*Asks:* 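Below are the structure tokens for one structure; questions will follow.
Below, all heavy atoms of this structure are taken into account, side chains as well, without hydrogens, waters or symmetry copies. Reminder, nothing fancy here: chain letters follow the sequence lines and each chain counts from 1. All values derive from a computational prediction rather than experimental measurement.
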Amino acid sequence: MAKNFSTRDENYSQWYNDLVIKADLAENSAVRGCMVIKPYGYAIWEKMQAILDGKFKETGHSNAYFPLLIPKSFFSKEASHVEGFAKECAVVTHYRLKNSPDGKGVIVDEDAKLEEELIIRPTSETIIWDTYRTWVQSYRDLPILINQWANVFRWEMRTRLFLRTAEFLWQEGHTAHATRLEAIAETEQMLRVYADFAENYMAMPVLQGIKSPNERFAGAEETYCVEALMQDGKALQAGTSHFLGQNFAKAFDVKFLNKENKLDYVWATSWGVSTRLMGALVMTHSDDHGLVLPPKMAPIQVVIVPISRKPEEFAAVSEKALEIKKALLAKGVSVKFDDRDTYTPGYKFAEHEFRGVPIRLAIGPRDIQNGTVELARRDTMEKETYQMTDIENKIVHLLENIQQNLYNKAATFRDDNTHYVNTWAEFVETLDNRGGFIYAHWDGTPETEQKIKEETKATIRLIPIDGKKEAGKCVLTGKPSERRVVFARAY
RNA sequence: CGGGAUGUAGCGCAGCCUGGUAGCGUGCUUCGUUCGGGACGAAGAGGCCGCUGGUUCGAAUCCAGUCAUCCCGACCA
């Protein structure tokens, strides 16, 4: 198994040093559990943002922005929502500092205590629904289809780079609808958007389904999710879409007059993905040589490394490289000509490799003479000499090929690590020795789910959306079950 | 918050047991030779040894406290 697939294992420091620091992905900052996303890492996030944002617009959504600080009282309005987030909220209590009387630094000015504390948003449902109340009076005001790109903060007990940082970047969609069915359709539509993004852009196969009540979002009536399988056999929730019913509308009194002139509460959804996707990307494709980026996620798709000793050689190589670069740019391929004279070619090869650049071209005097170029693909690590003629079309084709290959590889891994088990012994054995997704019968009770979690650390990742009905017996209790659900140990 | 460990150069670490004023690898700077897979040599720069206090002629080293980080739990996108 690849050693560098993880954001933390015994090889974590290697990954951290080679990929995170050298590759400028991110590094821990002094702020507890937060991350500095360095330029290369942020470029990947920007790519994700651009694609997702385009899909949100295609499906009729607009972006907006709501405040970072939320009055504490907002949190007491939806009971289960509070319960879910109360324990991990950072609270603002004062609004001023003053010079310390002993002359050493500054202290909190107790005179500047806030009458009502403010909460740094762990998610924005409350402040958004409080705002929506004033926007909705008639069914003509619906639907409201809004997305927000923002940071949120959750005071997590334990953090992990990308997968669970205290502060993270995300998008949160919050929509309001006139009918239950319309809201459910929206919830399901956004789940499909996430699945499409994961599979067709991140080259990461996902399962789609709904969460068991235990795993449901605080305040939701139904939580849909996409789950991916990482290279160590653990599952990762990659995106969620919640049908909130009328819970938040009732809590925040968001009412409208419907076509029958009757007062009704609006139906709500919320959905989000976060910088956790960056962790998912790393952990799905990386290998012992570092990061592997699917072409559609790569800030740089092709890097050209010149090889030369003398200035006149560099001039010839450079001319050819720029020619190729221009042709590729015209095809919409992002290219970097790495003409730094401060590093040797070997160093550059290694560096672009652990940064995951899908295709590397090397051009030297030999190539100039032969009209060739050396091409190395990151996914297979294969090197081949290509004729220069029509190189841009060959590369465009190859990029598609690499994208597909990475997906296939991940899908094969996922399938190889998907197990159907029927007995408790098998269940435990599979978890301990093989990991992966386990399709098993469950009697449908939260108690059984809890017991399984306590004994094996495995949770129900999802109830498959397209799951076939199949009579069986619960893997723990032996009670009747009508369909298999997916268990796994998860991040 | 419970259990375990660790704080020494940008990064990774040794030194601590047995106190005497700090070292290795890598990285960084300069010069020269190199450049088709992380080049080599020489000369350099860089440290309130996490913080506070105590013991001592003298503390990275011993003692107490404190802060921070990491790992295992509870919590979680």
*Asks:* Taking only side-chain nitrogens and oxygens of Thr240(A), does any of them come within less than 4.0 Å of OP1 or OP2 of A77(B)?
*Replies:*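 For A77(B), neither OP1 nor OP2 has a side-chain N or O of Thr240(A) closer than 4.0 Å.
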
*Asks:* Can you tell me how far C1' of C75(B) sits from CZ of Phe168(A), to the nearest Å?
*Replies:*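 One finds 14 Å between C1' of C75(B) and CZ of Phe168(A), rounded.
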
*Asks:* Rounded to whole Å, please give me the gap between CD in Glu374(A) and C1' in C35(B).
*Replies:*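 It works out to 15 Å between those atoms.
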
*Asks:* For G2(B) versus C17(B), give the span between their C1' atoms, rounded off to a whole number of Å.
*Replies:*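 Taking atom C1' in both G2(B) and C17(B), they lie 30 Å apart.
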
*Asks:* For Thr385(A), which contact category applies under a 4.0 Å heavy-atom criterion: base, sugar-phosphate, or nothing?
*Replies:*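 Answer is nothing: Thr385(A) stays at 4.0 Å or more from every strand.
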
*Asks:* Regarding Lys320(A) and Glu323(A), does a basic nitrogen lie under 4.0 Å from an acidic carboxylate oxygen?
*Replies:*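 The answer is yes: the pair qualifies as a salt bridge.
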
*Asks:* Roughly how many Å apart are U69(B) and C11(B), using the P atom of each and rounding to a whole number?
*Replies:*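 Those two atoms are separated by 16 Å.
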
*Asks:* Closest to the Glu351(A) side chain: G38(B), C35(B), A77(B)?
*Replies:*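 It is G38(B).
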
*Asks:* Atom CH2 of Trp155(A) and atom P of C1(B): how far apart are they, to the nearest Å?
*Replies:*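 Atom-to-atom, Trp155(A) to C1(B), this comes out as 12 Å.
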
*Asks:* Report the distance from atom CD of Glu88(A) to atom C1' of C1(B), rounded to the nearest whole Å.
*Replies:*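 After rounding, the reported distance stands at 16 Å.
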
*Asks:* Tell me if a side-chain donor or acceptor on Gln231(A) pairs with a main-chain N or O of Ser286(A) at a distance below 3.5 Å.
*Replies:*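 Indeed, once roles are kept as given, a pair shorter than 3.5 Å links the two residues.
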
*Asks:* For C49(B) versus G7(B), give the span between their P atoms, rounded off to a whole number of Å.
*Replies:*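 Between the two P atoms, the distance is 15 Å.
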
*Asks:* Any ion pair linking Lys98(A) and Glu110(A) (charged N to carboxylate O, less than 4.0 Å)?
*Replies:*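 The answer is no: the pair does not qualify as a salt bridge.
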
*Asks:* Between Thr269(A) and Thr175(A), do the side chains contain a donor N or O and an acceptor N or O under 3.5 Å apart?
*Replies:*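 Result is yes, a qualifying pair exists.
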
*Asks:* Take the protein atom CZ of Arg309(A) and the nucleotide atom P of C35(B), then report the distance between them rounded to whole Å.
*Replies:*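 About 4 Å, once rounded to whole Å.
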
*Asks:* Do NZ/NE/NH1/NH2 and the carboxylate oxygens of Lys457(A) and Asp432(A) come within less than 4.0 Å?
*Replies:*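 Judged by the 4.0 Å cut-off on N to carboxylate O distance, Lys457(A) and Asp432(A) do not form a salt bridge.
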
*Asks:* Measure NE2/His81(A) against C1'/A77(B) and give the value in whole Å, please.
*Replies:*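 Between C1' of A77(B) and NE2 of His81(A): 14 Å.
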
*Asks:* Provide, to the nearest angstrom, the distance between the NZ atom belonging to Lys211(A) and the C1' atom belonging to A77(B).
*Replies:*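 Whole-Å distance recorded here is 10 Å.
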
*Asks:* Compare side-chain N and O positions of Lys457(A) against OP1 and OP2 of G73(B) and report whether any pair is under 4.0 Å apart.
*Replies:*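 Result: yes.
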
*Asks:* Taking atom C1' in both A42(B) and A5(B), what distance in whole Å separates the two?
*Replies:*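 The answer is 42 Å between these two C1' atoms.
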
*Asks:* Using a 6.0 Å distance limit plus a 45 degree cone around the ring axis, check whether Lys38(A) lies over the aromatic ring of Tyr40(A).
*Replies:*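 Ring-cation test returns no.
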
*Asks:* Using atom P of each nucleotide, how far apart are C48(B) and A22(B) to the nearest Å?
*Replies:*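 Straight-line distance between the two P atoms is 13 Å.
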
*Asks:* Please work out if Lys383(A) contacts a base, only the sugar-phosphate, or nothing of the nucleic acid, heavy-atom cut-off 4.0 Å.
*Replies:*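 Base contact - Lys383(A) has a heavy atom under 4.0 Å of at least one base atom.
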
*Asks:* Could you measure between the two P atoms, the one in U55(B) and the one in A64(B), and give it in whole Å?
*Replies:*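 Result for the P pair: 15 Å, nearest Å.
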
*Asks:* Say you pick atom C1' in G46(B) and the same atom in U26(B); how far apart are they, in whole Å?
*Replies:*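 Each nucleotide's C1' atom is 14 Å from the other's.
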
*Asks:* Whole-Å distance between G37(B) P and Phe349(A) CZ?
*Replies:*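 Spelled out: CZ on Phe349(A) to P on G37(B) is 7 Å.
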
*Asks:* Using atom C1' in both nucleotides, what's the gap between G44(B) and A59(B) to the nearest angstrom?
*Replies:*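 Approximately 31 Å lies between the C1' atom of G44(B) and that of A59(B).
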
*Asks:* For the side chain of Asp367(A), counting heavy atoms from C-beta on, which of C75(B), G37(B), G36(B) is nearest?
*Replies:*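 Of the candidates, G36(B) comes closest.
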
*Asks:* So Arg340(A), base contact, sugar-phosphate only, or nothing? Heavy-atom distance under 4.0 Å.
*Replies:*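 Answer is nothing: Arg340(A) stays at 4.0 Å or more from every strand.
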
